[in-house]
Amino acid sequence: MNAGGISEWQKGGVPYAKLRRIVPEYLNPQEVDAFFVAVNRGGGRARLVNPFTPFQREYVLVATGAGNLVVLALRRPGVFRASIKGIVFDGSSKDAELRWRDGTLFVNRMPYEPISFHEEDAQKVAEGLGL
């Protein structure tokens with residue numbers, strides 16, 4: 001468990017453990033400071049009971065060592081596997097309109113809501129971006 005009491009299993013189990021390995025490899029040589037898994041709408045614990053959750057596109061939002069943000073799209077269904085489809089955004093806060101509001105990170109007006117148990121990591125990403 002981490003300091004917040006949320007386990008790796010709660011964050012996604014095996015797929016989350018794989019993300020912890022493949023995100024830094026994918027972004028190499030960029031340094032990964034923090035990341036969280038998000039959806040465009042309908043994040044949070046409501047996803048735990050939503051039968052359409054496996055069909056939602058999931059994203060990984062990464063704060064890098066240079067203070068940049070990288071948004072990665074995951075292949076579907078993200079809840080069963082962790083496989084990166086590609087880069088949606090890679091740049092500095094100057095390259096995008098970034099906003100942090102009510103636990104949601106907006107990138108060029110697109111909302112990215114953390115999935116269940118990723119709220120603390122989302123806050124770390126926002127802080128790493130100076131938001």
Side-chain angles (χ1 to χ4, degrees):
M1 282 196 187
N2 65 18
I6 296 173
S7 72
E8 195 168 280
W9 180 255
Q10 288 171 304
K11 288 185 178 186
V14 173
Y16 178 73
K18 184 178 176 187
L19 282 176
R20 288 176 44 93
R21 181 176 50 79
I22 67 171
V23 168
E25 289 173 2
Y26 191 85
L27 295 177
N28 190 29
Q30 295 185 72
E31 182 180 321
V32 173
D33 285 345
F35 75 86
F36 71 99
V37 180
V39 293
N40 288 125
R41 295 199 193 321
R45 290 193 166 80
R47 294 185 79 236
L48 296 173
V49 295
N50 182 348
F52 298 106
T53 291
F55 304 108
Q56 266 185 309
R57 169 76 63 207
E58 292 182 345
Y59 301 88
V60 177
L61 282 81
V62 184
T64 68
N68 289 344
L69 173 69
V70 179
V71 179
L72 302 171
L74 296 179
R75 294 188 194 278
R76 287 187 206 165
V79 294
F80 299 117
R81 63 178 177 170
S83 181
I84 297 170
K85 179 179 181 184
I87 295 174
V88 175
F89 176 82
D90 184 357
S92 70
S93 57
K94 296 173 188 167
D95 298 332
E97 181 183 330
L98 299 181
R99 215 172 69 222
W100 176 251
R101 188 181 71 200
D102 299 326
T104 298
L105 181 59
F106 291 82
V107 181
N108 292 326
R109 298 187 181 148
M110 176 67 71
Y112 291 96
E113 298 177 28
I115 65 170
S116 302
F117 307 107
H118 285 254
E119 297 86 358
E120 195 174 296
D121 293 331
Q123 181 68 41
K124 289 178 188 173
V125 168
E127 289 169 4
L129 297 170
L131 301 175

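Note that the structure is predicted; figures quoted are calculated from it, not measured.
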Taking all non-hydrogen atoms of both residues into account, name the closest pair between Asp33 and Gly65 and its distance. OD2-CA, 3.4 Å

Only counting residues at least two apart or in another chain, list the ones meeting side chain to side chain contact (heavy atoms under 4.5 Å, CB included) with Phe89. Leu69, Val71, Asp95, Ala96, Val107, Asn108

Nearest-0.5 Å distance, CD of residue Glu25 to NZ of residue Lys18: 10.0 Å

Sequence neighbours excluded, the answer for side-chain hydrogen bond (donor to acceptor under 3.5 Å, both in side chains) partners of Tyr59 is Asn40

Heavy-atom closest pair (Val39 atom, Arg57 atom, distance to 0.1 Å) is CG1-O, 3.5 Å

Does Thr64 have any side chain to side chain contact (heavy atoms under 4.5 Å, CB included) partners at least two apart in sequence or in another chain, and if so, which? Gln30, Val62, Ala66, Asn68, Val70

Distance in Å, Ile84 CD1 paired with Leu19 CG, rounded so as to fall on 0.5 Å steps: 7.0 Å

If I take atom CG from residue Leu61 and atom CG from residue Asp121, how far apart are they, to the nearest 0.5 angstrom? 11.5 Å

Between Leu72 and Ile22, is there a shared hydrophobic cluster once you connect ILVMFWY residues whose side-chain heavy atoms come closer than 4.5 Å? yes

Indicate the atoms forming the closest heavy-atom contact of His118 with Val37, along with that distance. ND1-N, 3.4 Å

Taking every non-hydrogen atom, the tightest pair across Gly67 and Leu129: O-CD2, 3.7 Å

Under the rule for side-chain hydrogen bond (donor to acceptor under 3.5 Å, both in side chains), what residues qualify as partners of Glu127, not counting sequence neighbours? Gln123

Residue pair Pro114 / Ala122: nearest heavy atoms and the distance that separates them: CG-CB, 3.8 Å

Applying salt bridge (Lys or Arg N to Asp or Glu O under 4.0 Å), name anything that partners Arg109, two or more places apart in sequence or on another chain. Glu97

CZ on Phe36 to CG on Leu105, rounded to 0.5 Å: 5.0 Å

Do Leu74 and Val32 sit in the same hydrophobic cluster, where Ile, Leu, Val, Met, Phe, Trp and Tyr count as joined when their side-chain heavy atoms come under 4.5 Å apart? yes

